[in-house]
Amino acid sequence: MEAIIPDGWYETSGGPLQQLRDEVLAAPHHATRDFRVLVGGVLWRVAAGRYQLVLGEDSPLREVIFKEAHDSVAAGHTGREKTLERVLRRFWWKNASEDVAEWMTSCPTCQAFSTETAARIYFDVVWRQHGGAYANRVVEDMLRSFVGTNPEDWDLYMTNVQFAINDSRSDVTGFTPFER
Ligand SMILES: [Zn+2]
């Protein structure tokens, strides 16, 4: 515990977390179906046999956790699901999923990578397959918007992008790639 939580960083006084802890403390054996209060008055959530430290929604610990679970060399800026899974191995708070998404949206490394990835997709799909004449602004904007909305999930949009390209009429030939 000492290694994970710096002194004074775990605060449950006041707010919904205090309320929850009081409820759990009032229950037999200081445990409800999902939560337990253990040594030191620390509140834990128990899910699938795993103990997750319960944090307040504005706990400063969240930033430390994000840095470890997403930004660190070991974590390697993995996508939303993997980052969330890593966070939930040891911690839990309300809106953790939304907070992970927000953290990744504001991560400069992920943003730079996406930009880079978009350029590569553009080259591979549009240029190599359809030739430079086909590389029109519509497709370029589409790629950007797909990647921009959800940078970490860019690969999921590849099929959409490919289909949209195949179904777009070329300004030069007047045909879609489907018709060629
Ligand atoms: Zn990142």
Side-chain angles (χ1 to χ4, degrees), residues 1-118 120-121 143-161 163:
M1 287 299 299
E2 291 77 12
I4 304 172
I5 312 169
D7 282 348
W9 279 45
Y10 183 74
E11 187 52 72
T12 56
S13 57
L17 208 55
Q18 174 75 53
Q19 216 173 44
L20 177 61
R21 189 168 65 161
D22 289 347
E23 278 172 33
V24 178
L25 276 171
H29 308 293
H30 299 169
T32 62
R33 194 174 63 102
D34 298 317
F35 298 97
R36 269 170 215 193
V37 174
L38 297 179
V39 184
V42 175
L43 180 63
W44 298 84
R45 181 172 184 262
V46 186
R50 175 185 289 171
Y51 279 71
Q52 299 162 304
L53 180 68
V54 178
L55 300 179
E57 289 173 52
D58 53 356
S59 168
L61 250 186
R62 291 176 314 154
E63 192 177 332
V64 178
I65 293 165
F66 288 142
K67 282 182 175 163
E68 190 59 36
H70 177 77
D71 300 16
S72 70
V73 176
H77 292 271
T78 41
R80 181 178 171 171
E81 291 303 313
K82 277 194 181 131
T83 301
L84 182 63
E85 192 273 328
R86 218 173 267 138
V87 168
L88 295 179
R89 276 182 211 167
R90 290 195 289 179
F91 303 94
W92 182 88
W93 68 92
K94 218 178 151 194
N95 304 327
S97 176
E98 288 84 350
D99 286 354
V100 164
E102 201 181 312
W103 180 264
M104 294 184 58
T105 308
S106 60
C107 172
T109 306
C110 282
Q111 298 313 308
F113 173 77
S114 294
T115 310
E116 194 184 301
T117 305
R120 204 170 59 234
I121 295 172
L143 276 166
R144 270 215 197 88
S145 68
F146 276 138
V147 175
T149 327
N150 241 330
E152 70 274 19
D153 294 330
W154 62 268
D155 50 325
L156 300 178
Y157 296 108
M158 281 303 293
T159 311
N160 302 35
V161 171
F163 182 85

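Heavy atoms only: backbone and side chains are in, while hydrogens, waters and symmetry mates are out.
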If you round to the nearest 0.5 Å, how far is [atom2] of [Y] from [atom1] of [X]?
X     : Y      : atom1 : atom2 : answer
Arg90 : Leu88  : CZ    : CG    : 12.0 Å
Leu53 : Leu61  : CG    : CG    : 7.0 Å
Ser97 : Glu102 : OG    : CD    : 11.5 Å
Arg80 : Glu98  : CZ    : CD    : 7.0 Å
Trp44 : Leu38  : CH2   : CG    : 7.5 Å
Asp34 : Leu20  : CG    : CG    : 9.5 Å

Within the 4.5 Å heavy-atom criterion, are [X] and [Y] side-chain neighbours or not?
X      : Y     : result
Val87  : Trp93 : yes
Met104 : Thr83 : yes
Leu17  : Val54 : yes
Phe35  : Arg45 : yes

Shortest non-hydrogen contact from [X] toward [Y]:
X      : Y      : value
Gln111 : Ser106 : NE2-N, 4.4 Å
Cys107 : His70  : SG-NE2, 3.8 Å
Arg86  : Thr78  : NH1-OG1, 3.1 Å
Leu43  : Val37  : CD1-CG2, 3.8 Å
Ala69  : Ala75  : O-CB, 3.3 Å

Practice prompt. Would you list the pairs meeting salt bridge (charged side-chain N to carboxylate O under 4.0 Å, His left out) in which at least one residue belongs to residues 56-70, sequence neighbours left out?
Written response: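 Counting only pairs at least two positions apart or across chains, the salt bridge (charged side-chain N to carboxylate O under 4.0 Å, His left out) contacts touching residues 56-70 are Arg62-Asp99, Glu63-Lys67.
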Worksheet item: In chain order, what residues pass the side-chain hydrogen bond (donor to acceptor under 3.5 Å, both in side chains) check against His30, with sequence neighbours excluded?
Response: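 His30 satisfies side-chain hydrogen bond (donor to acceptor under 3.5 Å, both in side chains) with no other residue.
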Practice prompt. Apply side-chain hydrogen bond (donor to acceptor under 3.5 Å, both in side chains) to Glu85 and list each qualifying residue two or more places apart in sequence or on a separate chain.
Written response: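 Checked Glu85 against side-chain hydrogen bond (donor to acceptor under 3.5 Å, both in side chains); matches are Arg89.
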Worksheet item: Under 3.5 Å, side chain of Arg36 to main-chain N/O of Val46, donor-acceptor pair present?
Response: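 Pair absent, no side-chain N/O of Arg36 close to backbone of Val46.
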